[in-house]
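Note sheet for the following structure.
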Amino acid sequence: MMLLVIVMVTLTVVLSTGLALWLIARLRRKSDQPLSREPTGAMLVPVRQLKRSYRLLGYSSNSINPKLAVTSDGLDFKLFKPDHWRFADIARVEFVRMPFVTRLEIKSRSDGRLYVDLADKARARDLLRALPADLPFTARALSLRENA
């Protein structure tokens, strides 16, 4: 009986670990794709994770199925429910230096901040170039956008 329990626990651990590794690899491959256009004209941005802070009330994040698109008038994104920020409501776009993470921070004038984790600097540069040039970029974001 004890042998059966040991075998079942071992199989459960091995299969669960294998499934988790497969899922992580699949999500990484998805986020490594280049930007693409939707039929509506929106630019789809493959992201690894989206986080949104709500002033003093905390934050929410999604790394399983985040969606971000640059449309003609703003950003469409989905953490848990679809949301839209107009370009006129964006107060600042910043490239944040962090170890092991390529992150852009987009600050809204009223709705908090959106943190966009991307696969690498090339994807961050593509996203910055997809945004209108008249947005308030920080010096680091502008430097990355201009490939300096």
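Residues: numbered from 1 along the sequence shown. Atoms considered below: every heavy atom in the structure, side chains included; atoms not considered: hydrogens, waters and symmetry mates.
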Q: Measure from the side-chain N and O atoms of Arg109 to the backbone N and O of Ala88, and report whether any donor-acceptor pair falls under 3.5 Å.
A: yes

Q) What pair of heavy atoms forms the shortest contact from Ser53 to Tyr59, and how long is it? A) CA-CB, 3.8 Å

Q. Is Arg145 reaching over with its side chain to a backbone N or O of Leu131, donor-acceptor style, under 3.5 angstrom?
A. yes

Q: Indicate yes or no for a side-chain donor-acceptor contact from Ser143 to the backbone of Ala139 under 3.5 Å, with no hydrogens or angles considered.
A: no

Q.
Among Ile6, Leu11, Leu4, Thr10, which residue satisfies the side-chain contact (heavy atoms from CB on, under 4.5 Å) criterion with Met8?
A. Leu4

Q | Smallest separation among heavy atoms of Leu79 and Leu50, with atom names | A | CD2-O, 3.4 Å

Q: Supply the atom-to-atom distance Trp85 CH2 to Arg52 CZ, rounded to the nearest 0.5 angstrom.
A: 5.5 Å

Q.
Would you say Phe80 ends up clustered with Ile106 if hydrophobic residues are merged whenever their side chains have heavy atoms under 4.5 Å apart, either directly or through other cluster members?
A. yes

Q) Is the backbone of Lys107 close enough, under 3.5 Å, to the side chain of Arg113 for a donor and an acceptor to pair up by distance? A) no

Q) Do Leu44 and Leu75 share a hydrophobic cluster, counting only Ile, Leu, Val, Met, Phe, Trp and Tyr and linking them when any side-chain heavy atoms are less than 4.5 Å apart? A) no

Q: With rounding to the nearest 0.5 Å, note down the distance linking CZ in Phe87 to OG1 in Thr71.
A: 5.5 Å

Q.
Is it the case that atom NZ in Lys121 sees more than 12 heavy atoms from other parts of the structure closer than 6.0 Å?
A. no

Q: Determine, step by step, whether Asp73 and His84 satisfy the side chain to side chain contact (heavy atoms under 4.5 Å, CB included) criterion, reporting the C-alpha distance in whole Å, the side-chain angles of both residues, the deciding distance to 0.1 Å, and the verdict.
A: CA-CA 9 Å; Asp73 65 334; His84 178 78; 3.5 Å; yes

Q. Passes side chain to side chain contact (heavy atoms under 4.5 Å, CB included), Asp83 versus Asp76? Steps please.
A. CA-CA 6 Å; Asp83 205 348; Asp76 287 339; over 6 Å; no

(Q) Taking the side chain as everything from C-beta on, heavy atoms only, tell me whether Asn147 gets closer than 4.5 Å to Arg129. (A) yes

Q: Go through the steps for Phe95 and Leu142 under the test side chain to side chain contact (heavy atoms under 4.5 Å, CB included), then give the verdict.
A: CA-CA 9 Å; Phe95 172 63; Leu142 200 55; over 6 Å; no

**Q.** Shortest non-hydrogen contact between Met43 and Ala130, atoms and distance
**A.** CG-CB, 4.3 Å

Q: Would you name the heavy atoms of Ala124 and Leu104 that are closest together and state the gap between them?
A: O-CD1, 4.1 Å

Q: Flag yes if Val96 and Val101 sit in one hydrophobic cluster, no otherwise; membership is Ile, Leu, Val, Met, Phe, Trp, Tyr, and two members link when side-chain heavy atoms are under 4.5 Å apart.
A: yes

Q: Could you walk me through whether Tyr54 and Ser60 pass the side chain to side chain contact (heavy atoms under 4.5 Å, CB included) test, one step at a time?
A: CA-CA 8 Å; Tyr54 301 93; Ser60 60; 3.4 Å; yes

Q) Among the clusters formed by ILVMFWY side chains lying less than 4.5 Å apart, do Leu128 and Leu118 turn up in the same one? A) yes

Q: Would you name the heavy atoms of Ser61 and Lys51 that are closest together and state the gap between them?
A: CB-CG, 3.4 Å

Q.
Looking at every heavy atom in both Lys78 and Asn62, which two are closest together, and how far apart are they?
A. O-ND2, 4.2 Å

Q) Got a sec, which residues hit salt bridge (charged side-chain N to carboxylate O under 4.0 Å, His left out) with Asp117, two or more places apart in sequence or on another chain? A) Arg103

Q: Group every Ile, Leu, Val, Met, Phe, Trp and Tyr by side-chain heavy-atom contacts under 4.5 Å, then state whether Val47 and Leu114 land in the same group.
A: yes

Q: Return the set of residues passing salt bridge (charged side-chain N to carboxylate O under 4.0 Å, His left out) with Glu94 (not counting sequence neighbours), or none when no residue passes.
A: Arg92

